Amino acid sequence: MSEQPMNEQERELMEKLMEVQGGVHNYSSEESWVKPEDPYILERLEWFKDQKLGLMMHWGPYSQLGVVESWALSDDDGEWSRDGIDWQQNKEELKREYFDLNKTFNPIRFQPEVWAELAAEGGFKYLNFTTKHHDGFCMWDTHTTDYRITGADTPFHQHKYADIVGNLFNAFRAKGLAISAYFSKADWHTPYYWADGMERGQDSWRGPSYDPAEYPWLWEKFVQFTHEQILELLTKYGRIDVLWLDAGWVRPGKGNQDIRLGEVVEKARKQQPWLLSADRTVGGAYENIVTPEQTVPEHAMSIPWESCVTMGTSFSFRYEDNYKSVRELVHMLMEIVAKGGNLALNVGPQPDGRLPEGAIDRIKGLGAWLNVYGEAVYGTRSVAPVYTQGWAFTGKAAQQTVYASYLYANEAIVVPSTISIPYMEQIASIDLLGEEVIEGLDFEQNEEGIVVKLPASVTDVTIAPIAHVFRIQQA
């Protein structure tokens with residue numbers, strides 16, 4: 001039976017479902033990635049690939065309620081985003097209550113230097129912070145809107161750390177971490193995007209309330225508003241390494257939502273020529289980095305990519321959240337690195353300005369592991385057979401060194417006296433990394449790989465380690 005062609009409304013719905021489901025975005029394919037022509041940008045992408053681990057943070061007035069960031073404002077996404085809270089059935093009253101959360105947001109226990117010190121201890125190499133989510137609330141001292149952390153309606157506006165973005169970026173740079181600035185291209189607070197009296201009436205969705213092609217003058221106001229905000233961040237807040245752009249539905253060809261992104265990025269690059277752009281899910285010249293969300297790609301990708309994954313169950317702060325164990329975090333990191341990517345591990349700060357104790361515990365545990373085994377992570381590239389049979393393979397070509405990490409699924413697994421590494425190339429030597437490196441392990445090679453004999457000091461344990469990491473010198 002032949003299929004009937006989709007009408008315009010059905011096609012738009014299908015695109016929306018493919019684009020974002022339950023607030024989780026899809027990601028661009030490796031084939032759609034466009035290699036930059038600028039050799040300096042290519043050099044910076046190699047730098048990005050070296051970093052491996054970033055700290056992502058979604059934070060704003062919504063943290064007070066412990067609900068998902070922004071999405072409850074979209075009526076089209078209300079079925080999932082308004083779950084778990086006895087909120088207003090009146091959609092307009094709900095939006096008013098949400099937008100008024102800035103009037104009670106007062107994170108007086110915020111200490112940016114403490115966050116930065118913890119991030120450095122945790123082995124993170126860069127910060128990806130939400131300067132503005134879709135709800136339009138700005139976490140910096142913008143001059144484009146009063147809906148900001150330094151606005152008179154926000155009780156935190158007179159605090160010494162009131163300009164949260166500025167203080168955070170300075171604190172993290174002081175600890176040697178790079179800066180990735182998250183910025184939502186959509187803005188559900190400005191009347192230039194959700195304008196009253198338009199054809200959608202009071203029914204909100206993630207796109208504008210009007211057709212930009214029918215109201216080009218209003219859309220141009222939104223474009224200028226967006227450019228001004230982006231340029232504030234990229235010219236007044238020190239060195240920014242990555243402009244990380246969310247709201248992939250704001251793009252040319254998608255409901256006429258062209259914000260002329262290239263124009264503003266190139267303008268910013270005149271001052272910050274190293275700037276990378278992650279125009280996620282859009283493809284093209286300004287999606288330098290592909291960003292899988294809450295997932296790890298099935299196969300290795302040779303392009304620059306970064307999985308953004310939550311430490312708990314939510315990007316924003318959630319009361320009594322369940323955090324992944326250090327073992328789970330290490331295993332996820334090693335799978336991602338083996339497949340050629342970075343991990344942007346998200347932690348949602350509390351509404352009072354502190355980080356949750358459970359998250360702090362995991363960050364310190366991850367950092368302790370990386371302090372011992374980091375050479376198998378930072379500055380490495382994917383090595384065949386990549387990720388197989390519980391093994392993650394990374395390497396440093398210049399040193400002819402391969403790292404084979406065996407990931408023990410749980411602590412109850414018995415550590416064997418011999419272990420077979422599925423690596424088929426000829427090798428010269430093999431060491432076992434640890435707080436004390438065991439060099440020159442006995443091994444033999446056969447058709448199944450490398451068979452290594454483990455010393456008694458390694459096997460005589462009651463709890464299996466998170467991983468055994470072998471350093472292999474190629475022949």
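For reference, positions follow the sequence shown, starting with 1. From a predicted model like this one, the values you see are computed outputs, not experimental measurements.
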Visitor: So, are D187 and K132 salt-bridged, with charged N and O less than 4.0 Å apart?
Guide: yes
Visitor: Less than 3.5 Å apart, any donor N or O on the side chain of D163 or Y237 sitting next to an acceptor on the other?
Guide: yes
Visitor: Report yes if the side chains of L65 and L101 come closer than 4.5 Å at any heavy-atom pair, otherwise no.
Guide: yes
Visitor: Would you find more than 12 non-hydrogen atoms of other residues, nucleotides or ligands less than 6.0 Å from R318 atom CZ?
Guide: no
Visitor: Is the shortest side-chain heavy-atom distance between L370 and L333 below 4.5 Å?
Guide: yes
Visitor: Do W140 and E232 get their side chains close enough for a donor-acceptor pair, meaning under 3.5 Å?
Guide: yes
Visitor: Please report the interatomic distance CD1(I413) to CD1(I463), rounded to the nearest 0.5 Å.
Guide: 13.0 Å
Visitor: If I compare all heavy atoms of I336 with all of S307, which pair ends up nearest, and what's the gap?
Guide: CD1-CB, 3.8 Å
Visitor: Please lay out, stage by stage, how L407 and M334 fare under the test side-chain contact (heavy atoms from CB on, under 4.5 Å).
Guide: CA-CA 9 Å; L407 312 176; M334 294 311 298; 4.2 Å; yes
Visitor: Side chains of F124 and L345: does their closest heavy-atom pair fall under 4.5 Å?
Guide: yes
Visitor: At their closest point, which heavy atom of E263 faces which heavy atom of R260, and how far apart are they?
Guide: OE1-NE, 3.0 Å
Visitor: Determine all donor-acceptor pairs shorter than 3.5 Å in which one atom belongs to a side chain in residues 467-475; sequence neighbours excluded.
Guide:
| from | atom 1 | to | atom 2 | distance (Å) |
| --- | --- | --- | --- | --- |
| H468 | ND1 | Y408 | OH | 2.9 |
| R471 | NE | D431 | OD2 | 3.3 |
| R471 | NH1 | E375 | OE1 | 3.2 |
| R471 | NH1 | E375 | OE2 | 3.2 |
| R471 | NH2 | D431 | OD2 | 3.1 |
| Q473 | OE1 | T401 | OG1 | 3.3 |
| Q473 | NE2 | Q399 | O | 2.7 |
| Q473 | NE2 | Q400 | O | 3.3 |
| Q474 | NE2 | Y423 | OH | 2.8 |

Visitor: Can I get a per-line list of side-chain donor-acceptor pairs under 3.5 Å for residues 55-62, giving both atom names and the distance, sequence neighbours left out?
Guide:
| from | atom 1 | to | atom 2 | distance (Å) |
| --- | --- | --- | --- | --- |
| H58 | ND1 | N346 | OD1 | 2.8 |
| W59 | NE1 | Q350 | O | 3.0 |
| Y62 | OH | W59 | N | 3.0 |
| Y62 | OH | W59 | O | 3.3 |

Visitor: Using the test side-chain contact (heavy atoms from CB on, under 4.5 Å), find all partners of D38 that sit at least two apart in sequence or belong to another chain.
Guide: Y40, I41
Visitor: Is D279 paired with K185 through a side-chain N to carboxylate O contact shorter than 4.0 Å?
Guide: yes
Visitor: Would you mind writing out the side-chain donor-acceptor pairs for residues 439-453 within the sub-3.5 Å range, not counting sequence neighbours?
Guide:
| from | atom 1 | to | atom 2 | distance (Å) |
| --- | --- | --- | --- | --- |
| Q445 | OE1 | I427 | N | 3.2 |
| Q445 | NE2 | E425 | O | 2.8 |
| N446 | OD1 | E448 | N | 2.8 |
| N446 | OD1 | G449 | N | 3.2 |

Visitor: Answer yes when D76 and R206 have at least one side-chain N-carboxylate O distance shorter than 4.0 Å, and no when they do not.
Guide: no
Visitor: Work out which heavy atom in V415 is nearest to a heavy atom in P465; give both atom names and the distance.
Guide: CG2-CD, 3.8 Å
Visitor: To the nearest 0.5 Å, tell me how far K324 NZ sits from L366 CG.
Guide: 12.5 Å
Visitor: With a 4.5 Å limit on heavy-atom distance, are the side chains of V296 and K339 in contact?
Guide: yes
Visitor: For residues Q294 and T310, is any side-chain donor paired with an opposing acceptor at under 3.5 Å?
Guide: yes
Visitor: Near N410 CG, under 6.0 Å, is it more than 12 heavy atoms from other residues, nucleotides or ligands?
Guide: yes
Visitor: Could you walk me through whether T235 and Q271 satisfy the side chain to side chain donor-acceptor pair (under 3.5 Å) test, starting with their C-alpha distance in whole Å, then the side-chain angles of each, then the deciding distance to 0.1 Å, before giving a yes or no?
Guide: CA-CA 7 Å; T235 59; Q271 291 195 37; 5.2 Å; no
Visitor: Evaluate the side-chain proximity of V114 to L118: yes if any heavy-atom separation is below 4.5 Å, no if none is.
Guide: no
Visitor: Can W274 and E43 be counted as having a side-chain donor-acceptor contact under 3.5 angstrom?
Guide: no
Visitor: Around K364, counting heavy atoms of other residues, nucleotides and ligands shown, do more than 12 lie under 6.0 Å from its NZ?
Guide: no
Visitor: Test L329 against R362 for side-chain contact (heavy atoms from CB on, under 4.5 Å), laying out the working first.
Guide: CA-CA 8 Å; L329 295 175; R362 304 307 194 276; 3.9 Å; yes
Visitor: Quick one: closest heavy-atom pair of E30 and S302, and the distance?
Guide: OE2-OG, 2.7 Å
Visitor: Between V437 and L432, is there a side-chain heavy-atom distance shorter than 4.5 Å?
Guide: no
Visitor: Could you measure the distance from the OH atom of Y27 to the SG atom of C308? Nearest 0.5 Å is fine.
Guide: 11.5 Å
Visitor: Is it the case that R280 and T291 place a side-chain donor and acceptor less than 3.5 Å from each other?
Guide: yes
Visitor: Charged N to carboxylate O under 4.0 angstrom, E266 versus K270?
Guide: no
Visitor: For residues 378-393, which side-chain N or O atoms pair as donor and acceptor with protein atoms under 3.5 Å away, sequence neighbours left out?
Guide:
| from | atom 1 | to | atom 2 | distance (Å) |
| --- | --- | --- | --- | --- |
| Y378 | OH | G123 | O | 2.6 |
| T380 | OG1 | V377 | O | 2.7 |
| R381 | NH1 | D50 | OD1 | 2.9 |
| R381 | NH2 | E46 | O | 3.2 |
| R381 | NH2 | E46 | OE1 | 2.9 |
| R381 | NH2 | D50 | OD1 | 3.1 |
| S382 | OG | A338 | O | 2.5 |

Visitor: Which value, rounded to the nearest 0.5 Å, describes the distance between L355 atom CG and I363 atom CD1?
Guide: 6.0 Å
Visitor: Does Y126 have its ring centroid less than 6.0 Å away from the ring centroid of F48?
Guide: yes
Visitor: Please enumerate all residues that pass side-chain contact (heavy atoms from CB on, under 4.5 Å) together with R109, with sequence neighbours excluded.
Guide: D352, R354
Visitor: State, with a plain yes or no, whether a side-chain heavy atom of I179 is found less than 4.5 Å away from one of F172.
Guide: yes
Visitor: Quick check on the 6.0 Å ring-centre criterion: do W71 and H133 meet it?
Guide: no
Visitor: Compare every heavy atom of F169 with every heavy atom of A181, then report the nearest pair and how far apart it is.
Guide: CB-CZ, 4.2 Å
Visitor: Looking at NE2 of H159 and CG of N106, how far apart are the two atoms once the value is rounded to the nearest 0.5 Å?
Guide: 8.0 Å
Visitor: If you look at every heavy atom in T394 and A376, which pair is closest and at what distance?
Guide: OG1-O, 2.8 Å
Visitor: Do Y323 and P356 come close enough that some side-chain heavy atom pair is under 4.5 Å?
Guide: yes
